[in-house]
Protein chains: 2
Amino acid sequence: MGTLAGNLQEELMKLSTKGRYAVTAMLDLALHSGNGPITLAEVSSRQDISLSYLEQLFSKLRKASLVDSVRGPGGGYELKRPSSQISIAEVVLAVNEPISATKCNGKGGCQDGDLCLSHQLWTELSDQIYQFLSGITLEQVIQRQFVQKVAERQNHRFREEDVILFS
Amino acid sequence: MGTLAGNLQEELMKLSTKGRYAVTAMLDLALHSGNGPITLAEVSSRQDISLSYLEQLFSKLRKASLVDSVRGPGGGYELKRPSSQISIAEVVLAVNEPISATKCNGKGGCQDGDLCLSHQLWTELSDQIYQFLSGITLEQVIQRQFVQKVAERQNHRFREEDVILFS
DNA sequence: CTCAAAGTTGACTAATTTACTCAGGTATGG
DNA sequence: CCATACCTGAGTAAATTAGTCAACTTTGAG
């Protein structure tokens, strides 16, 4: 299933509960840093995430070089870099198998252009989302410093009832 | 958008292939608008999405007032509003059952503050993502007018190798 | 050295979601 | 009428999520 595509940006952001768990756990680590490693048992009880599930997530976070592990008594996990240098995008991508952007990869029938156009548009959009999340660090989230008015860019003339379907 | 400014949303964005299918189909509709309704069969063959799956998606898109349907021969679907007034966020939210932001909703044990803090931080972040996608319309995607340099905001001091793990 | 605390790994699984198919409807233009 | 197209709901295989369980390895403290 995994395409060995050499191209960059063939993979998409995926935002689900899995990524939220990972970000929440990383925020917990950032919030409680300073006194040595933090055990997953602490994170588990504080954030109400099962210990075994955290172990899976942190296995991936470690492989992505986002955390360091210390074994033995007094051990635990700690951020490998300062929280100001770890982006949300990194955390989300570390735990998610990224989904393939192009369904039409090896397949034919993509010459008529239409198919590839939509794919490319979505890929570019996904890239924008990635850029956005890359610009937000754990520390910025904690300090609530991430931009407040990002949506005030262009013709933004939704009526009230259109917006409310968010609830 | 005064509505979103007040209280935080309790529902989160979810980005998966499902939303991509919906956006792709909506882009197809936008690209081929002007000659009356477009059949799902056309969209199906052009975008390589199964007809029955499209029917499910468009049922939700119609309930969300994003498309109008015309029955009978010569019928099909068309955008209810101009593509410049339909945001990506609307499309994605229309087809996804939104996931709950707060696991600790009715539960106790949320008094110690830590749990709720992480939840709130993630909720605020999710709100930012929503704001971001709300600011991008179908037309902007087609015209590729969505902001090119959204990530150049704050202390953006990632090293190269940190960013590249997107591949 | 021993023991217990912690991470590490892999196999397994129930529940849920995704991505469909199928079998019927209903509305409507020609 | 009748073919076309939307509409609805039931069902379902595959994948993902969100875990559990068992068996390790490493290491600090006593």
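Every chain is numbered from 1 and lettered A, B, ... according to where its sequence line falls, protein lines coming before strand lines.
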Checklist entry - Side-chain N or O of A/Y21 less than 4.0 angstrom from OP1 or OP2 on D/dG19? => result yes

Checklist entry - Does OP1 or OP2 of D/dA18 have a side-chain N or O of A/Y53 closer than 4.0 Å? => result yes

Item to check | Length of the CG-C1' vector between A/D68 and D/dT27, whole Å | outcome: 16 Å

Checklist entry - How long is the line joining CG of A/L57 and C1' of D/dT17, in whole Å? => result 10 Å

Checklist entry - Can you check the A/N96 CG to D/dA15 P distance for me, whole Å? => result 17 Å

Next on the checklist: Contact between B/Y77 and B/V67 at the side-chain level, heavy atoms closer than 4.5 Å - yes or no?
Outcome noted: yes

Checklist outcome for this item: Atom NZ of B/K60 and atom P of C/dC20 are separated, to the nearest Å, by 14 Å

Checklist entry - Taking NZ, NE, NH1 and NH2 as the nitrogens, is one of them in A/R81 or A/E90 under 4.0 Å from a carboxylate oxygen of the other? => result yes

Item to check | For B/E42, side-chain hydrogen bond (donor to acceptor under 3.5 Å, both in side chains) partners two or more places apart | outcome: B/T39

Polar atom pairs (N or O), protein with nucleotides 5-8 of chain D, under 3.5 Å:
residue, atom, partner, partner atom, Å
D/dC6, OP1, B/L40, N, 3.1
D/dC7, OP1, B/R62, NE, 3.4
D/dC7, OP1, B/S69, OG, 2.5
D/dC7, OP2, B/Y77, OH, 2.3

Checklist entry - Are the side chain of B/S134 and the backbone N or O of B/Y130 linked by a donor-acceptor pair below 3.5 Å? => result yes

Item to check | Partners passing side chain to side chain contact (heavy atoms under 4.5 Å, CB included) against A/S83 (at least two apart in sequence or in another chain) | outcome: A/A30, A/L79, A/L138, A/E139

Next on the checklist: Main chain of B/S44, side chain of B/Q47: is a donor-acceptor contact present, judged purely on distance under 3.5 Å?
Outcome noted: no

